[in-house]
Amino acid sequence: MNTKVCVHPSFELNHCMQNSRLITYQKAIAVFFQMLFWAPVIGLSLLLIYNTLPYFSFNKDFDFIKERSFLFQNSVYNTCFYIHIGAGAICIGTALIQFSRYILKKSKAIHRISGKLYVAVVLFLGAPTGLYMAFFAKGSFWERCLFMFMAAWWFITTLKGLTAIRKRNILAHKVWMMRSYAMAMTAVTFRVYYILLYLLDWQLLENYQFSLWISVVGNMLITEWIIYRKSRNYLQSFTT
Amino acid sequence: MKAILYAGTALMVGASIYGFVDYKKTSHKKQFTGMYNDVREKATLSVKEPVVLHKEISVLPDNQTTKKNIKPGKVKKKSIVTKTTEKPITTVVSEKKVVPVKIKKNRKTINAKFFSRAPIREEMEDEVILPVTEKTDTKMEIKKQ
């Protein structure tokens, strides 16, 4: 015996309207939290790029260069430094474009061109020069090891992201590029922690070391948490 | 794809080897080991304490002497309570002349230029000169038996 539940059309219409309102409300909250994340990221990334530009006057009158004046006498270190900061600025600038769904929808060509630029700069310029400079980094043996790990992990994650998209595995490509971007963003988050701890009267060296560790570990943890939330099988994200 | 992989890997291996060799050459040099030492003096509040001139004038009869009974419970940090059983006529006149003090204050300000890996240099404010204040405290204790 088939029973049909007769529902008044007005009831269905009201129910749909409430559902759509709820969905719109949920989307608005999601967009709000996304803006809350991306607004400071974009602002601070642009500030980092802006602060990097004066270095290309090749003037040695900067505190960073004065502190390492002995190292800058070496032409190899000098060259690697300028390549590294230029590569870092390009990476951070292009990465801002890559995470935009709007640009991806409007023009995939822009996403592909800026993506190729990001990958090339990381694999051939940013990571190798960062690895070389890591041997002379500020801090103890462990900070130098951390810088070496950052360079290696940045290289590996970017390469894995490239191989994933070559195999047309978009999900894996997203996951690995998020991990690569997390390494690039340590440059930004380090500076945020550095300034915060400076305001809390931390000693310069301890401030530098602690800010370095929490920027790297913190970025990795946040990235893995985002990936974990979005993925069905989190552990599989490391093998694909 | 393989070319990118081999080229990138070769660059990374070359950078690590060259960096290690360079590090071994420079690690024993004093200029490298002392490079990141913070030589700057810590900027602290430097306050010159004012010069306080105390003049205690006690006026007592020649025969009488003062007895100082210090009760631990009632003694203030920098003062001695004097008690005399006899006729004390003490007048303590203390004149404090406060010399103008120059204080260097360190105020931490955030600048967009601090957004870098360079060591942050603290900015010093101008010297502040406090106004001169002269205080005179007179205490007169006259006890009559």
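Quick note on labels: first sequence line is chain A, next is B, and so on, each numbered from 1. Atom set for the values below is all heavy atoms of this structure, side chains included, hydrogens, waters and symmetry mates excluded.
- For N207(A), no part sits under 4.5 Å from any heavy atom of chain B, backbone or side chain.
- Using a 4.5 Å cut-off between heavy atoms, S211(A) makes no contact with chain B at all.
- Both the backbone and the side chain of T9(B) come within contact range of chain A, with heavy atoms under 4.5 Å apart.
- With values rounded to the nearest 0.5 angstrom, C80(A) atom SG is found 8.5 Å from Y18(B) atom OH.
- With a 4.5 angstrom heavy-atom cutoff, V122(A) does not touch chain B via any of its atoms.
- Only the side chain of F155(A) comes within less than 4.5 Å of a heavy atom of chain B; its backbone N, CA, C and O stay farther away.
- Across S16(B), S27(B), G14(B), the residue that shares the most heavy-atom pairs under 4.5 angstrom with chain A is S16(B).
- Proximity of F136(A) to M35(B): side-chain heavy atoms (C-beta onward) are nowhere separated by under 4.5 Å.
- Looking at V192(A), both its backbone and its side chain come within 4.5 Å of chain B, counting heavy atoms on both sides.
- R144(A) touches chain B through its side chain: at least one heavy atom from C-beta onward sits under 4.5 Å away, while N, CA, C and O do not.
- Rounding to the nearest 0.5 angstrom, the gap separating the CG atom in L11(B) from the OG1 atom in T129(A) is 9.5 Å.
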Report task. For the pair K25(B) and N74(A), evaluate side-chain contact (heavy atoms from CB on, under 4.5 Å) and give the outcome as yes or no after the intermediate values. Result -> CA-CA 12 Å; K25(B) 281 182 186 175; N74(A) 184 358; over 6 Å; no

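- With a threshold of 4.5 angstrom between heavy atoms, I17(B) does not approach chain A through any atom at all.
- For F238(A), the CZ atom is densely surrounded, since the number of other residues' heavy atoms within 6.0 Å is greater than 12.
- Between the CZ atom of F124(A) and the CE atom of M12(B) there is a distance of 12.0 Å, given to the nearest 0.5 Å.
- Ring pair F70(A)/F32(B) is tilted by interplanar angle, where 30° to 60° counts as tilted.
- Between P128(A) and A15(B), the shortest heavy-atom distance links the atoms O-CB, 3.2 Å.
- Residues Y77(A) and D22(B) have side chains that never bring a donor and an acceptor to within less than 3.5 angstrom of each other.
- The candidate with the highest count of non-hydrogen atom pairs below 4.5 Å against chain B, out of I65(A), I195(A), L123(A), is I195(A).
- Using bins of under 30°, 30° to 60° and over 60° for the plane-to-plane angle, the ring pair Y23(B)/F135(A) lands in the tilted bin.
- In this structure, the portion of Y208(A) lying under 4.5 Å from any heavy atom of chain B is its side chain and not its backbone.
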